[in-house]
Every structure is written in structure tokens, then in C-alpha cells.
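Inspection log for the structure reproduced underneath, given as C-alpha cells.
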Amino acid sequence: MSSSNHYDVIIIGTGAGGGTLAYHLAPSGKRILLLERGDWLPREPSNWLAQDVFVDNRYVSEDTWYDPKGKAFQPQIHYFVGGATKLYGAALYRLRARDFGELRHHDGISPAWPIGYDEMEPYYTQAEQRYQVHGVRGEDPTEPPSSAPYPFPALSHEPRIQRLSDDLTAAGFHPFHAPCGVMLDEANPPFSQCIRCGTCDGFPCLVHAKSDAEVLGVRPALEHPNVTLLTNAEAVRLDTNAAGTAVTGVVVDHAGLRDTFAGDLVVVSCGAANSAKLLLASANDRHPNGLANGSDQVGRNYMFHNSQAVLALSKEPNPTVFQKTLGVNDFYFGTDGFDYPMGNIQMIGKSQAEMFKGEKPLETKLAPDFMLRDVAGHAVDFWLSTEDLPVPDNRVTLERDGNIKLSYSASNATAAGRLYHQLKSMLGHLGMHPDHLIPRHAYLKTDIPVAGVAHQAGTCRFGADPASSVLDVNCKAHELDNLYVVDTSFFPSIGAVNPALTAMANALRVGDHLVERLG
Ligand SMILES: Cc1cc2nc3c(=O)[nH]c(=O)nc-3n(C[C@H](O)[C@H](O)[C@H](O)COP(=O)(O)OP(=O)(O)OC[C@H]3O[C@@H](n4cnc5c(N)ncnc54)[C@H](O)[C@@H]3O)c2cc1C
Ligand code: SF4
């Protein structure tokens, strides 16, 4: 290996975790190599075409994964500089303070994190500032304490959503302005980067106004001459020294050619499934079950939320363009008669006519007055998110061909069902057809891939005990001196809010530790 292939730090993966860490470490002056298996996401008119993005899956990778029965499927995953954040909805929530402690759920226990909310709080504040989160404190009854206001004002509701907010308030609930990472300046529209379009959630941003890890993580990092990015560079294996105590080589498939790089510190941030895959594929004599896997926890406890994308029908038309401005957490920790956490309700990107099935779907029988075109014009789209619990048998393993095998059974179905029925029971008060709350995929040609692997987490959880966790509190592998993991793999539990801000905040926290370690 030539000395030019040696770096102080190698970061594998440039998404919410890796891209944020790169930004944080860049000013240190250390030689940093970013390895990204994908390319830059092309800026092209297709970025904003529902047919291309939702129906033709233009930006979904061609990976093959397997289900537990060995059946191949194409995961809804995106390999680009910036990772999943290139397509994400940019709802940038903090976990609730109680999510860091042990929480009793209907189906079992959501375990405590090895650090408390107070330790993460300063990094949440920094992450909100880096990712330009728009929001307002004090509206959400479950909001954790914060040391600073949101750096930007909340996005205004459009009239139908404002009415929804008013109706919810009148019914005694506490709707809030959802924390949102889009660079919208409503006070000065001619100079606003974001144009508040209807193709945000699940689409790339053509004008780079979404707070994603490419635009606000990787690009600013690359302004530092000590940072190098290799695209189309997939890490396929980590080699260790003979004792198995340190990673000595990162073997990379770079546009079809094999290359090996060395780093004093190696940070894996490939997303929860792919980080587990890389560690499992790096088994050697000292680590026969996969790298850093003496605990047998690598790949286990895969979580991705028990989520439901549902569609209600407004009595009045819903011409909303940017719908993702409202959230409801009144049922996050339960409700009268159900003393277990239920989860978060938020809006998702407004469904559009092009996304609807051409033929008349069965479900319109439920709303006989509505022709399909009326459904598109009246749809109000909600996303219900219930915490799924870390279950050891929900796991990533490797199939014989080296690809990912994903075994998963949902937990907390009762809580998810309660949340659905709770919202359904409220529709009559919200100007919507009372009996009509149905899965969006019944109407759409293909649904937004949030129900796929979008919120994947777990697989390399952090903890104090090496027998039951993969990483220590600094997200360093217990068993190796120079190996870290900073994507959502480290989550011991996932809470019921979107995960990206927590991955970003944690990357900043781990980044502080690494800066200290690098001297
Ligand atoms: C459609 C959609 C909507 C979403 N909406 C929201 C939302 O509104 N709010 C929210 O908080 N979260 C949302 N998410 C989830 C959020 O994007 C993820 O939680 C977050 O990006 C996870 O960060 P990560 O660093 O773990 O992984 P990623 O961001 O996925 O980054 C992993 C990176 O590693 C690269 N990689 C993988 N394997 C290798 C390898 N072997 N070698 C080199 N590189 C590799 C990948 O290409 C990728 O760039 C959404 C996701 C999707 C897909
Ligand atoms: S709403 Fe703003 S950030 Fe989102 S895609 Fe449109 S212009 Fe980009």
C-alpha cells in the first residue's frame, strides 16, 4: 500500500452520520478520506417528476436483498453522496427525553440508552443549526428541553393545514409546527433558496435547498484541502492486524477495481443494514463471526418503525403544496385507556394525481361519491409512526452470495392499531370523511418508500456492556481500538420520531471525541 493511500481518518458512507462527521472533522486539518459507494445524485428535471421518482423508481438502487425465506427483493434504498438524506422528508425531530430511558411498551421494553438526553442535547442544538431546522419551541407537549431556540422560524401552514391545526386545537389536542430542514425564507421570498414546492418528501431537491448531508455536510467538508471524496467506491471488507485489535486496511471496489486504503481511525457509516453487512463480511480468524461481533449482536435488533402511510379525504378540496408542516404528539406516550406509547402523527408529502393508479381502486367503494380525480384533489396524507422494539431475531445476516438477508417481524402492532383508530376517530372533527382512513398504497401506483427500509436502525447498538452491545458509549467497537460506527446502527431503541437528526447529533458528539483523540 502506497503512503498516498494512508489517511488519518477514513469515513465509509456519506449520509446523515458520515456526511455530518466529515463536516465536523474537516477543519481539524487531518487527512480525511470519504468513501461513498454511490455517485453524486444527478441534477436533472427528473428530480421533481412524480412519475420518474415514485413510479419508475429512478433513484432506487439496484441492490438485491433476501427475505427470511430466501426470496430476492429490491430494497427501497438510495446510494448517493448524502445517502438517504438526498430523498428524505427533512422532518428533523429530537428524540423525546424519555426515549433515552427504559420505556414500557405494550409488546415489551424499549431499553435505556447508555447516555441520557442531557448528554445529547448540546449536539441536537448544533445539528439543528447545521441543518437549518425551522420550527418553534413550546407547542409540542412532549418536546424535550433545549438550550437554544430553533435557528429558523417554523414553516407556515397552508390554509387547509392551518384549518386542520385549528380544528385539532378546538378538539383539545396540541398540534405543532413540525421541525423541518428546508431552506425556506418566507420573509424574503426572492432570496429564498427553497421555493416551497410539492416535490420534496421522497424526491431529491433540484435546487439544493433541502438540508441534506450532501449540501450541508459533504460539500462544505470538501472545501478543506485535507478532505478527499471517492465516489463509486464501495467498501467490501475491513482487514485487521494479526491480533485482531485494529483495522489496518479498507478494501474497496472502486468503479470495478480493487484498492486498499489505510486509516489510523476507520469510521463505518453505511446505514444500519450495510454497516452490519460490512462487519459480517469482514470475519477473520480473530473475529470468526464477523468483525467486532464477539457479542453476536452485529446485525441484530434491526428496527425501522412500525409506520403507516394513510390517506384521509377532506370534505373541502386540499390544494396544499407543501403539506409536511404539522405534527401531533398527544398520543406519543399513550392515551386514556391505553397506558403504553402509541407514537407520532405527522403529515407526509401531498399525494399527486400522477401517483394515483390509473384504474379505479377497490377502496373508492368506501367513498362512493369520490371519483379518482376527486380523491387526488381532496387527499390529506398522514404518516403514523409507532416505535418498533429491538428484537434479537430481527436481523441482518448474509446470504451465500454475500448479499443482505433481512429477517423482520413487526412489534407493537396493538399500539400502531390504537394510533390508527385514534386518528380515525378524530376525522369527523377535522373536516374529513369520518370513515375513510386507508393505506396510501391502496391508491398509489407505488407509495413513498418510507415504509421500506428508510428508517433502518439498530444492528450495532452502543452500550456499556461488551457482552450485549457492539459499540461503547463513544461508538467505538468494544473489540477494536480504531473502529467506529456513526450511522443509525448505534441506536439501542428507535423512539417514534424520525431518526436523522439523532444520527446527525450523534455524529457531532462522536466527532468531538475523535477530534480530542486525534490531538
Ligand atoms: C424517502 C425517505 C424519507 C425520509 N424522511 C425522513 C425524514 O423526514 N426525517 C428523518 O429524520 N429521516 C427520514 N428518512 C430517514 C433518514 O434519511 C435516515 O434515517 C438517515 O439518512 C440515516 O443516516 P445514515 O447515516 O444511517 O445512513 P444513510 O444516510 O443512508 O447513509 C449511508 C451511506 O453509506 C453509503 N454506503 C452504503 N454501503 C456502503 C459501502 N459498503 N461503502 C461505501 N459507502 C456505502 C450509502 O450509499 C449512503 O450514502 C427518510 C428516508 C427516506 C429514504
Ligand atoms: S420544498 Fe424546497 S427544499 Fe423541498 S424540494 Fe422543493 S425547493 Fe427543495
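We count ligands from 1, going down the list as the structure has it; atoms in each ligand are counted the same way. These numbers come from the heavy atoms of this one structure, side chains and all, not from hydrogens, waters or symmetry mates.
- Backbone and side-chain nitrogen or oxygen atoms of Asp201 are examined, and none is located within less than 3.5 angstrom of a nitrogen or oxygen of ligand 1.
- The distance from ligand 1 to the heavy atoms of Thr85 drops below 4.0 Å at these ligand atoms: 17 (O), 21 (O).
- Checking Asp512 against His24 by side-chain atom types alone, a donor-acceptor pair falls below 3.5 Å.
- Taking every non-hydrogen atom of Lys210 and a distance limit under 4.0 Å, the qualifying atoms of ligand 2 come out as 3 (S).
- With hydrogens and angles left out, the side-chain atoms of Thr502 and Tyr124 include a donor and acceptor closer than 3.5 Å.
- With a heavy-atom cut-off of 4.0 Å, Thr199 touches ligand 2 through its backbone alone.
- Across Arg37, Gln346, Lys86, His305, heavy-atom proximity to atom 39 (C) of ligand 1 is greatest for Arg37.
- Near Lys324, meaning under 4.0 Å from one of its heavy atoms, ligand 1 places the atoms 8 (O).
- Here is the list of ligand 1 atoms found below 4.0 Å of a heavy atom in Gly271: 26 (O), 27 (O), 32 (C).
- Using a 3.5 Å distance cut-off with no hydrogens or angles, the side chains of Asn306 and Thr386 do not pair a donor with an acceptor.
- In this structure, Arg196 pairs ionically with Glu186, as a charged nitrogen and a carboxylate oxygen lie closer than 4.0 Å.
- Among the atoms of His208, none of the N, O or S atoms falls under 2.8 Å from atom 8 (Fe) of ligand 2.
- Taking the charged nitrogens against the carboxylate oxygens, Lys86 and Asp212 do have a contact shorter than 4.0 Å, which makes a salt bridge.
- The distance from ligand 2 to the heavy atoms of Cys200 drops below 4.0 Å at these ligand atoms: 1 (S), 4 (Fe), 5 (S).
- Near Val207, the atoms of ligand 2 lying under 4.0 angstrom from a non-hydrogen atom of the residue are 7 (S).
- Short contacts between ligand 2 and Val182, defined as distances under 4.0 Å to a heavy atom of the residue, involve ligand atoms 3 (S).
- Proximity to Phe80 (heavy-atom distance under 4.0 Å) selects the following atoms of ligand 1: 47 (O), 49 (O).
- Within ligand 1, counting atoms from 1 as listed, the ones closer than 4.0 Å to a heavy atom of His78 are 53 (C).
- Relative ring orientation between Trp383 and His455 is described as perpendicular, the plane-to-plane angle rising above 60° on a 0-90° scale split at 30° and 60°.
- Ion pairing between Arg58 and Glu44 holds under the 4.0 Å rule for side-chain N and carboxylate O.
- Comparing Ala178, Ala84, Gly17 against atom 17 (O) of ligand 1, the shortest heavy-atom distance belongs to Ala84.
- For ligand 1, the atoms lying closer than 4.0 Å to a non-hydrogen atom of Ala500 are 10 (C), 11 (O), 12 (N).
- Among the atoms of Gly38, none of the N or O lies under 3.5 angstrom from an N or O of ligand 1.
- With a cut-off of 2.8 Å, atom 2 (Fe) of ligand 2 has no N, O or S atom of Cys205 in range.
- Using a 4.0 Å cut-off between heavy atoms, Trp48 contacts ligand 2 through its side chain alone, with no backbone atom that close.
- Counting atoms of ligand 1 from 1 in the listed order, those under 4.0 Å from a heavy atom of Gly15 are 25 (O), 28 (P), 29 (O), 31 (O), 33 (C).
- Ligand 1 lies nowhere less than 4.0 angstrom from a heavy atom belonging to Gln76.
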Could you walk me through whether Val207 and Gln193 pass side-chain contact (heavy atoms from CB on, under 4.5 Å), step by step? CA-CA 7 Å; Val207 296; Gln193 275 172 270; over 6 Å; no
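- Nearest-heavy-atom check against atom 50 (C) of ligand 1 across Tyr59, Tyr88, Tyr131, Phe490 picks out Tyr88.
- Among protein heavy atoms, atom 2 (Fe) of ligand 2 sits closest to Cys194 SG, 2.3 Å.
- In terms of N/O distances under 3.5 Å, ligand 1 is not approached by Ile12.
- Protein heavy atom at the shortest distance from atom 6 (Fe) of ligand 2 is Cys197 SG, 2.3 Å.
- Numbered from 1 in the order shown, with element, the atoms of ligand 1 that lie under 4.0 Å from a heavy atom of Ser269 read 25 (O), 32 (C), 33 (C), 34 (O).
- The pair Asp63-Arg37 meets the salt-bridge criterion, with a side-chain N (NZ, NE, NH1 or NH2) lying under 4.0 Å from an Asp/Glu carboxylate O.
- Between Phe491 and Trp113, the two ring planes are tilted [angle within 30° to 60°].
- Among Cys270, Ser489, Gly83, the residue whose heavy atom lies closest to atom 32 (C) of ligand 1 is Cys270.
- Here's the thing with Ala503: none of its N/O atoms is less than 3.5 angstrom from an N/O atom of ligand 1.
- Formation of a donor-acceptor pair under 3.5 Å by the Glu128 side chain with backbone atoms of Val133 is not found in this model.
- Remark: the Ser146 side chain and the Arg137 side chain contain an N/O donor-acceptor pair separated by less than 3.5 Å.
- In summary, the side chains of Asn498 and Tyr88 do not present any donor paired with an acceptor at a separation below 3.5 Å, with no hydrogens or angles considered.
- No salt bridge links Glu143 with Arg96; every basic N to acidic carboxylate O contact stays at or beyond 4.0 Å.
- Applying the side chain to side chain donor-acceptor pair (under 3.5 Å) test between Asn318 and each of Arg160, Glu158, Gln323 identifies Gln323 as the sole match.
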